[in-house]
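Single-structure report; data block below.
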Amino acid sequence: MLKTIFFIYSIFIATSCFAQEEPNYDFSRIPAELLKNADAVVRDHHTEIHIDALDDIHVTEHYAITILNEKGNEYGRLEESYGKFEKIEDINGKLYDKYGKEIRKLKSKDIGDRAVYDGVTFFNDYRYKYFDFGYSQYPYTCEYEVETKYKMSFFLPSWAPQPGINCAVEHAEINILYPKDLSIRYRTFHIDSMPAEKDTDDVKQITLSVSNIHSKHKKDKFAPNEYSSLPLLLLAPDKFQLEDLHGTMSSWKDLGKFVYDLNSNRDELPEATKRIVHQLTDTCHSVNEKIDILYDYLKKNTRYLAINLGIGGWQTFEASFVAENGYGDCKALSNYMKSLLKEAGVTSYQALINGDADNSYTVQEDFPLNRFNHVILCVPQNNDTTWVECTTKTLPAGYLSSFTSNRDALLLTPDGGKLIRTPDYTSKENILKRSASIHINSSDELNGDLNLSYEGYFWDAEDRHISDNSQADIEKHLNGEFILPSYEVTNYKISNGKVGQIPELTEKVTLKGSPILNRSGKRVFLSTDIFPLKTEEPTSYDERKTPFQLKKSYQIVDTITINIDGSYTSEYLPEDVKMSYPFAYYESKIVFENNNVIKLIRSYNQKEGVYPAKLFSDYITLSNAMNSASEKNKVVLINKE
Amino acid sequence: MKPVKILTTLFYCILLSHDILGQGVDKNFIKYHLSQTKYSIDPDAAAVVLYEKGTVSIEKVNGGNYHIVFHEYEVIKILKSSALDAANISLPYYTEGHNYIDNINGTTYNLDEHSNVAETGLSKSSTYNHRINDRIFEEKFTLPAVKEGSIIEYSYDKTSDMQIMLPRWYFQNDYPTLTSKYELIYPGVYEFTSEIQGHGFKEYPDEDDAIKHNDPAYHITSLINMDQNYSLWVRHNTPAAKEEPYISSIENDIELIQVQLSTINRSDGDHEKIINTWDKLNKELWKNEKFGKQVSRANNFFEPSIDTIATSNRSDLDKAKTIFSYIRSNIECTGNEGITAEKDIEDVLNNKKGSESEINLLLTAMLRKIGLDASPLILSTVGNLRAHDIYPLVNSFNYTACVLTVDSQKYYLDASNKYNMFGILPSYCYNGYCRIINKEGGSANLTSDDINDREISLLNVSGVLDSITYISCTKRFGNITSRKLREKWTRDNQASKNYISELIQGMPGDMTIIDSKVENLNNPDTGLVIRFKLGLKNKTVYSIYYLNTEFNKTFKENPFKSSQRKLPVEFPYKIEKINLVNYELPKNYHPEDLPKPSLLKYEDGEIEYEKDMDYDTSYRNTLTIRTHFQNRETTYPVIAYETLRTFFEKMIQEENAAITLKKN
């Protein structure tokens with residue numbers, strides 16, 4: 001091994017000859033086309049990853065970035081995190097002015113060091129070092145060199161040469177060196193060139209470079225799900241080491257086996273808890289009944305709290321710890337639930353997944369790698385599979401919200417890992433139904449009875465405002481939900497139910513207030529719409545060149561009936577709208593009946609999918625039609641009396 | 001060391017009668033509350049603080065110095081799962097001096113299946129400590145076995161060096177509080193002054209007497225022995241502190257006490273007054289190397305750069321503007337680091353970098369250097385506890401600006417942000433009582449009533465029946481909005497277009513932005529102006545046409561939605577909006593049933609809305625609609641809320657009034 005290290009080192013000297021050259025960061029040398037829409041430009045970025053052993057990996061990043069304006073400042077700041085398994089060995093930095101003249105050097109005493117607050121964990125042992133030249137005469141250039149040592153290979157660093165959408169890149173390259181007896185896989189995203197591989201007697205080498213990447217003005221919310229729209233190189237070792245544990249991830253099976261073993265034999269429950277499990281479930285008639293009862297027990301007796309220290313980021317607390325202390329993170333709570341089920345004679349498996357309501361991460365089936373951030377529980381049954389999210393207080397057993405549905409999860413079994421798909425919820429499950437019966441009296445006072453029902457993903461969003469919230473907060477929420485200039489909810493009733501395994505929340509709301517109504521002589525101008533209905537705003541109205549993705553399937557059905565005192569004729573009613581596209585259907589209709597009744601009936605049905613670029617103009621048309629609907633749905637009546 | 005250990009018999013007598021266990025609550029108390037599921041103080045509460053006490057003891061340590069031990073004790077009932085986080089405790093503390101946290105104790109109480117009280121103690125291994133940064137450590141712990149219905153009890157000691165300000169105590173919390181006590185045990189060598197916000201405390205000779213009178217807020221003082229004084233504030237039944245829209249900051253309304261050292265009685269009979277008058281505070285600060293000295297000393301290093309300004313023939317005000325403008329655009333601000341200059345202003349000027357206060361002290365010094373009457377102004381920003389004229393407490397202030405007097409006119413200056421206007425501080429500086437620090441000292445009262453934001457919009461609408469209606473608009477923003485938008489628009493060159501898009505979003509018809517232009521973007525001393533032209537596609541030509549009056553709107557919706565209000569309404573500044581829309585009508589059309597002019601007044605005209613119309617056929621066929629909204633006062637008591645809400649409702653109705661055009 002010593003020989004290998006020496007050999008790698010000598011290659012490093014040879015390949016990093018850029019360091020010998022006098023850098024020229026003169027702003028005027030940046031090609032004009034790279035300045036377009038950019039707030040910063042990466043001038044040169046060299047990454048060296050030297051894997052000497054599975055617990056000894058050296059990473060050197062050397063980069064220079066020119067900051068063009070205040071908005072680009074964030075790219076001039078240095079932030080490097082570290083923890084038990086990564087150590088920052090050295091940081092150097094220099095600041096250059098517009099002409100590339102060196103102004104000052106980073107002094108190590110000016111490097112700050114802070115604990116990481118990720119907003120999720122209660123306590124962790126991650127920290128970061130940070131530094132900022134605090135310069136503001138634009139443009140200026142920051143050059144940094146950071147050396148980090150990794151003492152594990154469970155995760156290898158990924159390479160993202162373009163640090164942000166508003167950042168252009170002149171040149172960036174990466175060089176990975178590793179002993180020949182290891183195998184390192186890679187996968188690129190949004191990079192045109194393929195990495196070059198080279199073998200010598202003892203060492204293998206992978207190199208990749210990118211040049212002239214332009215910045216874009218805005219993040220494309222409609223970009224299909226291939227990680228992000230930024231260039232990315234992912235690395236995965238076939239063999240890896242975490243502390244003194246060795247494993248392989250050349251297949252999902254192996255990766256799953258490692259995580260399973262790491263978390264096995266931590267399911268022993270205290271006797272008292274075992275007794276409770278039997279008291280609760282011994283008389284149950286079905287597995288589902290046992291799941292429901294134990295899930296309810298879990299929700300009542302535990303809470304989510306993450307404490308990640310060292311290997312604790314991947315290894316669960318013992319089930320007995322959760323039983324005694326009543327808290328744990330997703331690993332610990334799902335392990336605890338698994339232990340409760342096991343005591344009740346039900347087999348279940350933990351599954352690694354990426355929790356994200358936008359579902360913006362797609363597992364690459366042929367590229368096994370641990371990029372998961374969450375654990376849920378799966379109870380396989382003969383005809384059906386029940387999924388359980390163990391970190392919430394409100395989700396019913398068997399329903400995964402938009403946070404984990406419709407994606408691949410890695411099931412952890414004694415035989416190893418297996419990719420399986422979580423349930424997909426379509427517009428048959430994600431339904432919002434709203435109806436309103438409204439009366440407007442001769443003093444233009446409005447009274448309304450509303451019925452709203454939220455199913456599937458709509459339940460996810462609405463439940464956040466309702467479950468466990470105070471009455472005052474619920475009233476505040478309901479008092480801001482409807483499009484009326486002024487109103488007050490005078491009464492409401494909320495009930496929770498299920499349609500199959502899908503949760504359903506219904507709200508019966510009584511309100512009084514004033515309508516969007518104006519009288520001018522004999523004329524009455526009245527807005528018929530009280531329910532917000534909007535699509536995702538297009539980020540750009542320019543002609544689209546790449547496919548776009550709609551991420552969720554759902555349907556909304558609205559019926560509004562307005563009864564207005566008096567007798568009228570209609571002078572103006574908006575035209576009926578019917579718009580049908582492969583990705584959505586929208587229909588809206590306003591009718592006037594019996595001299596004083598106005599009815600608005602409309603529905604919207606969206607189908608998730610990736611659609612060709614040429615259809616995006618239809619999406620804009622639809623979006624425009626819907627997003628101005630509340631103004632368009634105005635009627636003009638003439639008083640007959 | 002726990003304070004209870006140093007107390008004499010008298011103290012025990014006072015406390016033991018009511019603090020059942022001396023330090024806290026007893027088993028019967030716990031058992032009773034474990035069976036409770038609702039509290040009349042707030043039947044909807046997610047948790048209730050059953051009992052809490054903060055004890056500050058000033059103790060002598062080796063070497064004759066004193067230190068502060070702050071003992072906090074909390075007993076909280078968890079009623080809903082949304083309050084489970086109350087069991088997660090984070091205690092940050094400074095690493096400097098002899099500061100540390102110890103004696104952490106915690107217990108969770110639950111009822112077991114036989115309705116017996118089950119106790120689960122906090123284990124040592126469940127407390128965590130880490131360094132947040134160079135100056136701050138954090139002690140963290142979470143209580144075990146916490147669920148809905150649990151009662152959590154915890155306490156800790158926080159020891160620190162003797163300092164002027166004692167730990168602040170809030171009698172009001174995120175949850176309703178049944179009993180909150182703050183007690184102070186201190187040697188005769190010290191005297192203190194206290195600032196109380198919220199409900200007043202009635203004085204009683206002893207606690208028994210106070211309890212007899214059933215007083216919800218009382219204060220007792222006594223002598224424990226010849227060298228130990230005791231002071232106790234007790235508050236019962238405070239509702240949860242809750243934010244509402246249109247308040248300047250919850251910190252200005254929450255019930256609390258802040259105690260500050262006022263006098264040290266030396267053994268030789270000398271009484272050393274620690275800042276306890278404004279005059280003394282002023283003198284101390286004026287002499288302070290990090291404050292007054294920075295601006296009062298010779299500061300000769302300015303000379304080469306300032307000579308040209310000083311000797312120019314321009315007016316004093318122009319000279320001041322030149323210096324202000326130079327600092328504003330050349331010195332980068334590193335944020336707020338308190339009222340003093342931690343770095344010398346000479347370094348600030350050389351490195352072109354400093355905190356808000358450092359930059360403004362530099363500004364003050366430069367203005368003084370050319371002979372102008374400028375002084376530092378210390379103030380408390382919105383979000384910080386409001387300073388009060390009867391409490392000369394230096395820690396009430398967190399920000400230094402500058403006050404300049406030219407021809408007896410006062411100008412308030414803040415050069416720490418390049419978008420700040422000459423003569424106007426950022427709106428968060430208008431938070432009440434401020435002090436002017438100079439040889440004589442003085443005060444000022446800056447409130448939201450002192451600043452106004454006057455916005456004028458002029459619109460011309462032409463071709464209303466053509467295939468495209470053109471709308472030209474010029475908007476001149478008020479000073480405060482200009483500052484806000486200028487910062488946003490400078491950072492993002494698309495932001496002004498987004499502003500127009502947001503403005504027209506939801507308006508009827510297919511509207512496109514034809515042209516737009518921003519003026520005065522780079523001149524922060526002027527009102528920002530945006531000019532834009534819109535095209536509105538008309539589908540068909542109607543015999544009757546409903547005129548688009550969306551552009552007349554001052555408010556799109558009522559800002560006061562909630563029917564109930566607990567706190568006074570505070571607008572951040574005075575708002576004035578003038579809207580003038582000119583419609584060029586087609587020759588053969590006229591407006592039908594033109595709405596009457598209206599004037600809405602809140603009470604005596606503190607808020608006013610006026611709308612009038614002018615239909616003119618003498619030259620061209622034009623209809624002009626003018627609206628004018630103005631609030632002359634910014635603060636309204638809770639009792640006025642309903643009237644205020646109704647005013648806005650009526651105004652919105654007026655704004656929605658539609659206009660019909662009919663063929664002649």
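By convention in this document, chain letters (A, B, ...) are assigned in the order of the sequence lines, proteins followed by strands, and residues within each chain are numbered from 1.
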Please step through side-chain contact (heavy atoms from CB on, under 4.5 Å) for the pair A/Phe525 and B/Thr660, ending with a clear verdict. CA-CA 10 Å; A/Phe525 298 82; B/Thr660 320; 3.3 Å; yes
Counting only non-hydrogen atoms closer than 4.5 Å, does [X] touch chain B with its backbone (N, CA, C, O), its side chain (CB onward), both, or neither?
X: A/Leu517; result: neither
X: A/Asn469; result: backbone
X: A/Lys299; result: neither
X: A/Ile276; result: neither
X: A/Val636; result: side chain
X: A/Gln471; result: both

Got a second to check how far B/Glu244's CD is from A/Lys476's NZ, nearest 0.5 Å? 8.5 Å
To the closest 0.5 Å, what do you measure between CD (B/Glu332) and CG (A/Asn73)? 7.0 Å
More than 12 heavy atoms from other groups under 6.0 Å of [atom1] on [X]:
X: B/Arg135; atom1: CZ; value: no
X: A/Lys512; atom1: NZ; value: no
X: B/Gln564; atom1: CD; value: no
X: B/Lys140; atom1: NZ; value: yes
X: B/Lys352; atom1: NZ; value: yes
X: B/Lys650; atom1: NZ; value: no

Determine the interplanar angle of the B/Tyr128 and A/Phe123 rings, folded into 0 to 90°, and report it as parallel if under 30°, tilted if 30 to 60°, perpendicular if over 60°.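 Answer is parallel, since the angle falls under 30°.
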Given side-chain contact (heavy atoms from CB on, under 4.5 Å), test A/Glu324 with B/Thr120 step by step and report yes or no. CA-CA 8 Å; A/Glu324 277 152 26; B/Thr120 315; over 6 Å; no
Contact winner vs chain B - [options], heavy-atom pairs under 4.5 Å:
options: A/Asn479, A/Leu305, A/Val116; value: A/Leu305
options: A/Asn301, A/Asp39, A/Asp444; value: A/Asn301
options: A/Lys393, A/Arg303, A/Arg114; value: A/Arg303
options: A/Ser470, A/Ser514, A/Gly112, A/Gly326; value: A/Ser470
options: A/Tyr304, A/Tyr135, A/Tyr117; value: A/Tyr117

Between [options], which shows the greatest number of heavy-atom pairs under 4.5 Å with chain A?
options: B/Asn330, B/Asn88, B/Leu84, B/Asn558; answer: B/Asn88
options: B/Leu143, B/Thr108, B/Thr490, B/Asn351; answer: B/Leu143
options: B/Val146, B/Asp85, B/Asp134; answer: B/Val146
options: B/Arg645, B/Lys353, B/Gln653, B/His130; answer: B/His130

Any donor-acceptor pair under 3.5 Å from [X] side chain to [Y] backbone:
X: A/Asn325; Y: B/Pro144; answer: no
X: A/Arg523; Y: B/Glu592; answer: no
X: B/Lys147; Y: A/Thr302; answer: no

At a 4.5 Å cut-off on heavy atoms, which part of [X] comes close to chain A: side chain, backbone, both, or neither?
X: B/Phe141; answer: backbone
X: B/Ala46; answer: neither
X: B/Thr142; answer: both
X: B/Lys418; answer: side chain
X: B/Asn129; answer: backbone
X: B/Glu649; answer: side chain
X: B/Ile89; answer: backbone
X: B/Lys80; answer: both
X: B/Glu654; answer: neither
X: B/Ile652; answer: side chain

Which pair of non-hydrogen atoms, one from B/Asp44 and one from A/Ala472, has the smallest distance, and what is that distance?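 For B/Asp44 and A/Ala472, the tightest heavy-atom pair comes out as OD2-N, 3.2 Å.
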Minimum-distance pair of heavy atoms, taken over all atoms of B/Ile132 and A/Arg127: O-NH2, 3.8 Å
